[in-house]
**Student:** 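Would you mind keeping the following structure in view while I ask a few things?
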Amino acid sequence: MLCSSITTNGTTPQYTAQQDCYLTGSGNGGYVYGNFPVNWGSSRINNIKGAADSAAIFRGNVNYAFLRLATLRGKILRPAGFDALSDYTTAFAAYTQAEYYKRGYVGVFPYYIPGAALDWESFLKTIVQNSYAYLTDGTGITVTDATFKGILSPVKDVSGAIRRKYNFVTNFYKTNYNIDLQRIGNGSR
């Protein structure tokens, strides 16, 4: 659905803010259907500006949500080869950002090991929402920095596990669907 404005229904600013797109589930009651509403479906699109409303953020959010929807609906299946790139069972000695990076995880997962599905989604989001220059820029960051900046640099990717997963995900989409995820993240048309 193309909507002129989408906000979520909640009680805190985080949940009442305007959204670029929103996935709805399919309920058991028969009255909630799986939808994919997208914001800015009016002349307002000509006025996207500022950090919160930038076209790059909008593009990244919508593409991530679309790819996630395709995954959730079983239209794009996560290949088994991805699951083999990480250990999803062995506990961490310490749940620090440095340990997550060392094991190849790019999201922030406080005190637990993500499953393969969440790990896959985290890579999709990282790639389509960030430029390659940002992902490889290791200046001014440390291994404790929980942003996507420098995620592919030796500062954060000390074991090379993040790069292996990044290459796997980007190559999978290029080979099977002719989708260049990083080109989306770079803002290319």
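Because only heavy atoms are used, hydrogens play no part in the values below, and waters and symmetry mates are left out as well, while side chains stay in.
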**Student:** Under the criterion side chain to side chain contact (heavy atoms under 4.5 Å, CB included), I'd like the reasoning laid out for Leu181 against Leu67: C-alpha separation, chi angles, the key distance, then a yes or no.
**Tutor:** CA-CA 10 Å; Leu181 297 179; Leu67 292 168; 3.5 Å; yes

**Student:** Other hydrophobic cluster members with Val158, side-chain heavy atoms of Ile/Leu/Val/Met/Phe/Trp/Tyr under 4.5 Å, chained?
**Tutor:**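 So far as hydrophobic clustering goes, Val158 is joined with none.
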
**Student:** Can you tell if the side chain of Ile113 reaches within under 4.5 Å of the side chain of Thr89, non-hydrogen atoms only?
**Tutor:**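 No, their side chains stay 4.5 Å or more apart.
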
**Student:** Would you please name every residue forming a side-chain hydrogen bond (donor to acceptor under 3.5 Å, both in side chains) with Lys165, sequence neighbours left out?
**Tutor:**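 So Lys165 forms a side-chain hydrogen bond (donor to acceptor under 3.5 Å, both in side chains) with Ser86, Asp119.
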
**Student:** Can you list everything that forms a side-chain contact (heavy atoms from CB on, under 4.5 Å) with Pro79? Sequence neighbours excluded, please.
**Tutor:**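 Partners of Pro79 by the side-chain contact (heavy atoms from CB on, under 4.5 Å) criterion, ordered by chain and then number, come out as Trp120, Phe168, Phe172.
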
**Student:** Sequence neighbours excluded, which residues qualify as ring-ring contact (aromatic ring centres under 6.0 Å, His included) partners of Tyr166?
**Tutor:**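 Residues passing ring-ring contact (aromatic ring centres under 6.0 Å, His included) with Tyr166: none at all.
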
**Student:** Does any non-hydrogen side-chain atom of Ile179 lie less than 4.5 Å from one of Ile184?
**Tutor:**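 Result yes, sub-4.5 Å side-chain heavy-atom pair found.
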
**Student:** I would like to know whether Tyr134 and Thr147 meet side chain to side chain contact (heavy atoms under 4.5 Å, CB included); could you show each step before the answer?
**Tutor:** CA-CA 10 Å; Tyr134 184 75; Thr147 68; 4.1 Å; yes

**Student:** Could you walk me through whether Leu118 and Tyr112 pass the side chain to side chain contact (heavy atoms under 4.5 Å, CB included) test, one step at a time?
**Tutor:** CA-CA 12 Å; Leu118 184 56; Tyr112 71 93; 3.5 Å; yes

**Student:** Where is the tightest heavy-atom contact between Pro114 and Tyr100, given as atom of each residue plus distance?
**Tutor:**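 Reported closest heavy-atom pair: CD-CE2, 4.4 Å.
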
**Student:** What pairs with Asp157 under side-chain hydrogen bond (donor to acceptor under 3.5 Å, both in side chains), at least two apart in sequence or on another chain?
**Tutor:**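 For Asp157, no residue satisfies side-chain hydrogen bond (donor to acceptor under 3.5 Å, both in side chains) once neighbours in sequence are set aside.
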
**Student:** Not counting sequence neighbours, which residues clear salt bridge (charged side-chain N to carboxylate O under 4.0 Å, His left out) with Asp137? List them please.
**Tutor:**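 Once residues adjacent in sequence are excluded, the partners of Asp137 under the salt bridge (charged side-chain N to carboxylate O under 4.0 Å, His left out) criterion are Lys149.
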
**Student:** Taking transitive links into account, so neighbours of neighbours count too, which hydrophobic residues share a cluster with Ile141 at under 4.5 Å side-chain distance?
**Tutor:**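 When side chains under 4.5 Å apart are linked, the cluster holding Ile141 also contains Val155.
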
**Student:** Give, for atom CD1 of Ile162 and atom CD1 of Ile151, the distance between the pair rounded to the nearest 0.5 Å.
**Tutor:**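 Spacing of CD1 (Ile162) from CD1 (Ile151) equals 4.5 Å.
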
**Student:** Counting distance only, does the side-chain N/O of Thr136 pair as donor-acceptor with the main-chain N or O of Leu152 below 3.5 Å?
**Tutor:**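 Looks like no, no N/O pair under 3.5 Å.
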
**Student:** Got a sec, which residues hit salt bridge (charged side-chain N to carboxylate O under 4.0 Å, His left out) with Asp83, two or more places apart in sequence or on another chain?
**Tutor:**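 By the salt bridge (charged side-chain N to carboxylate O under 4.0 Å, His left out) rule, Asp83 matches Arg78.
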
**Student:** Do the side chains of Leu85 and Leu77 join up, straight or via other hydrophobic residues, at under 4.5 Å, putting them in one cluster?
**Tutor:**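 Leu85 and Leu77: separate clusters.
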
**Student:** Which distance, rounded to the nearest 0.5 Å, do you find between the CD of Gln129 and the CG of Leu135?
**Tutor:**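 Those atoms lie 11.0 Å apart.
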
**Student:** Any side-chain hydrogen bond (donor to acceptor under 3.5 Å, both in side chains) involving residues 168-178? Give me the pairs, sequence neighbours left out, ordered by first then second residue.
**Tutor:**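 For residues 168-178: none.
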
**Student:** Atom CD in Gln182, atom CD1 in Ile127: separation rounded to 0.5 Å?
**Tutor:**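 Going from the CD atom of Gln182 to the CD1 atom of Ile127 covers 6.5 Å.
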
**Student:** My understanding is that only residues two or more places apart in sequence, or in another chain, count here; which of them pass side-chain hydrogen bond (donor to acceptor under 3.5 Å, both in side chains) with Arg103?
**Tutor:**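 Expected list: none.
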
**Student:** With Thr71, which residues qualify under side-chain hydrogen bond (donor to acceptor under 3.5 Å, both in side chains), at least two apart?
**Tutor:**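 For Thr71, no residue satisfies side-chain hydrogen bond (donor to acceptor under 3.5 Å, both in side chains) once neighbours in sequence are set aside.
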
**Student:** With sequence neighbours left out, write down each residue that passes ring-ring contact (aromatic ring centres under 6.0 Å, His included) with Tyr95, or none if nothing qualifies.
**Tutor:**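 Applying ring-ring contact (aromatic ring centres under 6.0 Å, His included) to Tyr95 gives Phe92.
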
**Student:** Is Asp145 close to Lys156 at the side-chain level, that is, under 4.5 Å between some pair of heavy atoms?
**Tutor:**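 With C-beta onward as the side chain, the pair touches.
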
**Student:** Might you point out which heavy atoms bring Ser153 and Gly138 nearest each other, and give the distance in Å?
**Tutor:**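 Smallest heavy-atom distance, with atoms named: OG-CA, 3.7 Å.
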
**Student:** So which heavy atom on Val169 is nearest to which on Phe82, and how close?
**Tutor:**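 Taking every non-hydrogen atom into account, CG2-CE1, 3.8 Å.
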
**Student:** Going through the distances and angles, do Tyr105 and Glu99 end up as a side chain to side chain contact (heavy atoms under 4.5 Å, CB included)?
**Tutor:** CA-CA 9 Å; Tyr105 301 117; Glu99 282 298 311; over 6 Å; no

